[in-house]
> 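Below: one structure in structure tokens.
Predicted model, so just to flag it, every value in this text is computed and none were measured. We use all heavy atoms of the structure for the numbers below, so side chains are in, but hydrogens, waters and symmetry mates are not.
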Amino acid sequence: MEGKPRSLILLRGLPGSGKSTLASQLVQGGGIVLSTDTYFETPRHGYLFNSRLLPVAHGWTQDRARQSVALGISPIVIDNTLVQAWEAKTYVQLAVDAGYSVQFVEPSTPWWVERNLDELARRNTHGVGMEALQRMSAKWEASLTVDMVLASQVPYV
């Protein structure tokens, strides 16, 4: 792997925007997709989301990203909503420290480009409702950069 450029792709967008479909396409030639949603998937019962476990699930995904970087895997695609800059900070810092390039990518589906929340609600596979989509959309930070993310702070709740 030495000598080959390594990349971390932060695939961001609201539920239903087409992130997971695009993530699969981005790793067709190799690499790995890491998604917090995977933490909530079970063989017997499918997707069982529990909001109380979200911090644990994010930590699990971040640990998997650390392991992937340590193994030199590339590309590493982080398939999460990443609504605000601070949500990407751990991944960006990890990538920068390891010499990975960082790319911010969003799906180019018409309903995402147009921010059509009705269509996002219809298309998302995890039952995320309109109210949650509206909250996420209102907080959306566009055009993230590495510097912006590294300077970001976790907001006080």
> Just verifying a value: how many Å separate Leu94 CG and Asp63 CG, rounded to the nearest 0.5 Å?
10.0 Å
> Show which side-chain atoms of residues 49-57 pair as donor or acceptor with protein atoms under 3.5 Å away, not counting sequence neighbours.
unit_1 : atom_1 : unit_2 : atom_2 : d
Asn50  : OD1    : Arg52  : N      : 2.9

> State the NZ-OG1 distance between Lys19 and Thr109, to the nearest 0.5 angstrom.
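Rounded to the nearest 0.5 Å, the NZ-OG1 separation comes to 9.5 Å.
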> Output the distance between atom CG (Leu117) and atom CG (Leu133), rounded to the nearest 0.5 Å.
6.0 Å
> Go through the structure and list residues passing side chain to side chain donor-acceptor pair (under 3.5 Å) with Gln62, not counting sequence neighbours.
none
> Report the residues that fulfil side chain to side chain donor-acceptor pair (under 3.5 Å) with Asp97, sequence neighbours left out, ordered by chain and then residue number.
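Scan of Asp97 (side chain to side chain donor-acceptor pair (under 3.5 Å), adjacent residues dropped) gives Gln93.
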> Ser74 and Pro5: which non-hydrogen atoms are nearest, and at how many Å?
OG-O, 3.9 Å
> With sequence neighbours left out, what residues match Gln28 under side chain to side chain donor-acceptor pair (under 3.5 Å)?
none
> Can you tell me which residue pairs pass the salt bridge (Lys or Arg N to Asp or Glu O under 4.0 Å) test with a partner in residues 69-91, sequence neighbours excluded?
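The answer is none; no pair qualifies.
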> Which pairs, with at least one residue in residues 102-154 and sequence neighbours excluded, count as a ring pair (Phe, Tyr, Trp, His ring centres under 6.0 Å)?
Tyr47-His126, Trp112-Trp140
> So, does Ser137 use its side chain to make a donor-acceptor pair with the main chain of Gln134 at under 3.5 Å?
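The answer is no, because no donor-acceptor pair under 3.5 Å joins these two groups.
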> At their closest point, which heavy atom of Arg64 faces which heavy atom of Ile32, and how far apart are they?
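For Arg64 versus Ile32, the nearest heavy atoms are NH2-CD1, 4.4 Å.
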> List in chain and number order the residues that pass side chain to side chain contact (heavy atoms under 4.5 Å, CB included) with Thr42, two or more places apart in sequence or in another chain; answer none if no residue qualifies.
His45, Leu48
> Side chain to side chain donor-acceptor pair (under 3.5 Å) with Trp60: which residues, sequence neighbours excluded?
none
> Would you say the side chain of Val113 lies within less than 4.5 Å of the side chain of Glu106, judging by non-hydrogen atoms?
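Not in contact.
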> What donor-acceptor contacts under 3.5 angstrom involve side-chain atoms of residues 8-16, with partners at least two apart or in another chain?
unit_1 : atom_1 : unit_2 : atom_2 : d
Arg12  : NE     : Leu82  : O      : 2.9
Arg12  : NH1    : Glu141 : O      : 3.1
Arg12  : NH2    : Leu82  : O      : 2.9
Arg12  : NH2    : Val83  : O      : 3.1
Arg12  : NH2    : Glu141 : O      : 2.7

> Show the nearest heavy-atom pair for residues Pro107 and Ser17, with the distance to one decimal.
CB-O, 3.2 Å
> Look at the side-chain heavy atoms of Ile, Leu, Val, Met, Phe, Trp and Tyr, link any pair under 4.5 Å apart, and say whether Val105 and Ile76 land in one connected group.
no
> Going from CG on Asp118 to CZ on Arg122, what distance comes out if it is rounded to the nearest 0.5 angstrom?
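The CG atom of Asp118 sits 10.5 Å away from the CZ atom of Arg122.
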> CD/Gln103 to CD1/Ile78 distance, rounded to the nearest 0.5 angstrom?
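These two atoms lie 12.5 Å from each other.
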> Taking all non-hydrogen atoms of both residues, which atom of Val149 and which atom of Ala85 are closest, and how far apart?
CG1-O, 3.5 Å
> If two hydrophobic side chains count as joined below 4.5 Å and joins carry through other members, does Val77 share a cluster with Tyr39?
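Cluster IDs for Val77 and Tyr39 differ.
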> Hydrogens and angles aside, do Ser7 and Ser101 bring a side-chain donor and acceptor to less than 3.5 Å of each other?
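Judged by distance alone, the side chains do not pair up.
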> Restricting to side chain to side chain contact (heavy atoms under 4.5 Å, CB included), what partner residues turn up for Arg44, sequence neighbours left out?
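Applying side chain to side chain contact (heavy atoms under 4.5 Å, CB included) to Arg44 gives none.
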> With sequence neighbours excluded, tell me which residues meet side chain to side chain contact (heavy atoms under 4.5 Å, CB included) with Ala98.
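Side chain to side chain contact (heavy atoms under 4.5 Å, CB included) check on Ala98 returns Val69, Tyr100.
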> Measure the shortest side-chain to side-chain distance between Arg6 and Ile73 over non-hydrogen atoms and say whether it is less than 4.5 angstrom.
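Of all side-chain heavy-atom pairs linking Ile73 with Arg6, none is under 4.5 Å.
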> Compare every heavy atom of Val33 with every heavy atom of Ala23, then report the nearest pair and how far apart it is.
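Taking every non-hydrogen atom into account, O-CG2, 3.6 Å.
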> Any side-chain heavy atom of Leu120 within less than 4.5 Å of one from Arg115?
no
> Go through the structure and list residues passing side chain to side chain contact (heavy atoms under 4.5 Å, CB included) with Thr145, not counting sequence neighbours.
Asp147, Met148
